[in-house]
**Q** 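Would you mind keeping the following structure in view while I ask a few things?
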2 protein chains.
Amino acid sequence: MQDKYETKLRVRGYRMTPQREMIIAALTSSDHHITAEEIFASLHERTRALNIATVYRTLDLLVEEGLVCRTDLGGDRVYYAPLRHGPHIHLVCRHCGQVIEADYSQIAPLKKRLQEQYDFAADLKHVSFFGICETCQSTEQVEN
Amino acid sequence: MQDKYETKLRVRGYRMTPQREMIIAALTSSDHHITAEEIFASLHERTRALNIATVYRTLDLLVEEGLVCRTDLGGDRVYYAPLRHGPHIHLVCRHCGQVIEADYSQIAPLKKRLQEQYDFAADLKHVSFFGICETCQSTEQVEN
DNA sequence: TTTACTGCAAATAATTTGCAAAACT
DNA sequence: AGTTTTGCAAATTATTTGCAGTAAA
């Protein structure tokens with residue numbers, strides 16, 4: 001699985017290093033969105049051969065090469081995820097922080113309408129929407 | 001126009017100060033989204049009786065009181081705008097930075113669908129979508 | 001007079017960067 | 001060997017905060 005990433009990077013002229021291998025492994029083994037800091041923390045407890053700056057640089061590289069998706073899930077940290085699932089929507093609960101992944105087909109009509117009516121080519125492939133999830137709706141009052 | 005803001009704040013027990021007046025005036029007179037730094041800069045060139053920290057604190061207050069909308073338009077700064085228009089969508093061009101305001105009705109169906117299918121109450125009142133605007137589409141290649 | 005509000009300067013905190021040393025190919 | 005990549009530590013930058021002084025009410 002990580003092999004694909006490594007092969008692509010090699011083919012494109014990048015070098016493969018233990019650090020990059022670790023980071024890719026951490027990314028692909030996590031099935032959720034993950035921050036640079038989380039990747040660093042999970043790896044750093046085993047080996048000291050990794051620096052947080054390298055994590056950021058590698059993530060930037062992976063995003064630029066289109067192998068990883070960078071997502072804003074609110075808050076101050078940026079999240080990363082492998083692209084394997086393809087486009088999807090993030091439904092981020094403001095109360096419990098849970099992230100539900102909704103089907104991309106949900107916004108296809110919207111994308112079409114924005115193009116037609118505003119001539120705007122919206123990139124909705126990894127959009128995040130904020131709100132309140134089912135569980136928290138029953139607990140909290142909905143301010144909507 | 002600003003009077004409404006000031007009245008509401010007074011009624012809710014807040015004090016009215018020259019600084020808050022200035023900030024509210026700057027916000028309401030700007031018909032676009034504006035950053036804290038921009039507000040500060042525009043006011044500070046006339047009077048030294050204003051501090052950037054006060055701008056941030058006042059904006060926080062106005063947002064908490066529901067009088068101003070805080071919006072993430074990508075990039076590292078946060079944008080603010082008076083709520084007068086009511087809910088709307090921001091279409092942010094990644095190329096030229098232009099922000100088109102699209103009608104909220106565009107996403108009403110999406111909101112409904114997310115509620116039905118995922119039991120998720122999405123807050124889409126001031127959503128931003130990133131993409132390429134008409135002008136830039138003809139200039140640039142569309143990576144979509 | 002009371003206590004909210006402001007100014008100032010220092011603190012945060014995620015991310016970035018310069019540069020010399022290390023290590024892929 | 002030659003160039004990319006890394007580690008380290010310092011820089012960046014929007015925003016926040018502690019605190020003492022100022023000013024609404």
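Throughout, a chain's letter reflects where its sequence line sits, starting with A, and its residues are numbered from 1.
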**Q** Apply side-chain contact (heavy atoms from CB on, under 4.5 Å) to A:Tyr118 and B:Gln106, showing your working.
**A** CA-CA 11 Å; A:Tyr118 297 91; B:Gln106 298 289 329; 3.9 Å; yes
**Q** Picking from D:dC19, C:dA9, D:dG7, which would you name as closest to the side chain of B:Arg57?
**A**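 Among the listed nucleotides, the one closest to the side chain of B:Arg57 is D:dC19.
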**Q** Between A:Leu61 (CG) and D:dT5 (C1'), how many Å, whole number?
**A**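 One finds 11 Å between C1' of D:dT5 and CG of A:Leu61, rounded.
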**Q** Rounded to the Å, how far apart are A:Leu62 CG and D:dT5 C1'?
**A** 14 Å
**Q** Using a cut-off of strictly less than 4.0 Å, decide whether B:Tyr56 has a side-chain nitrogen or oxygen near OP1 or OP2 of D:dT16.
**A** no
**Q** With sequence neighbours left out, write down each residue that passes side-chain hydrogen bond (donor to acceptor under 3.5 Å, both in side chains) with B:Arg12, or none if nothing qualifies.
**A**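 B:Arg12: side-chain hydrogen bond (donor to acceptor under 3.5 Å, both in side chains) contacts with B:Glu65.
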**Q** Nearest-Å distance, CG (B:Asp60) to P (D:dA14)?
**A**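 In whole Å, D:dA14 P lies 16 Å from B:Asp60 CG.
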**Q** List for me each residue that meets side-chain hydrogen bond (donor to acceptor under 3.5 Å, both in side chains) alongside B:Asp103, sequence neighbours excluded, and say none if there are none.
**A** B:Ser105
**Q** For B:Asn51 and C:dC8, is the shortest distance between a side-chain N/O and OP1 or OP2 below 4.0 Å?
**A** yes
**Q** Can you measure A:Asp76 atom CG to D:dT13 atom P for me and round it to whole angstrom units?
**A**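 Distance check: A:Asp76 CG to D:dT13 P gives 18 Å.
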**Q** Just wondering, are more than 12 heavy atoms of other shown residues or ligands nearer than 6.0 Å to CD in B:Glu116?
**A**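 Yes, the 6.0 Å shell around CD holds more than 12 heavy atoms from other groups.
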**Q** Are A:Leu67 and A:Leu9 packed together at the side-chain level, in the sense that at least one heavy-atom pair is separated by less than 4.5 angstrom?
**A**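 The answer is yes; the side chains approach within 4.5 Å.
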**Q** Kindly indicate, with the supporting measurements, whether the criterion side-chain contact (heavy atoms from CB on, under 4.5 Å) is fulfilled by B:Gln115 and A:Gln137.
**A** CA-CA 11 Å; B:Gln115 179 68 69; A:Gln137 279 180 63; 3.7 Å; yes
**Q** Just by protein heavy atoms under 4.0 Å, how would nucleotides 20-25 of chain C read 5' to 3' in B, S and -?
**A** ---BBS
**Q** Just to be sure I understand the rule, does B:Ile52 reach a base, reach only the sugar-phosphate, or reach nothing, if contact means heavy atoms closer than 4.0 Å?
**A**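 Answer is nothing: B:Ile52 stays at 4.0 Å or more from every strand.
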**Q** Check whether any side-chain nitrogen or oxygen of A:Arg20 sits under 4.0 Å from OP1 or OP2 of D:dT5, and answer yes or no.
**A**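 A:Arg20 to D:dT5 OP1/OP2: side-chain N or O found under 4.0 Å.
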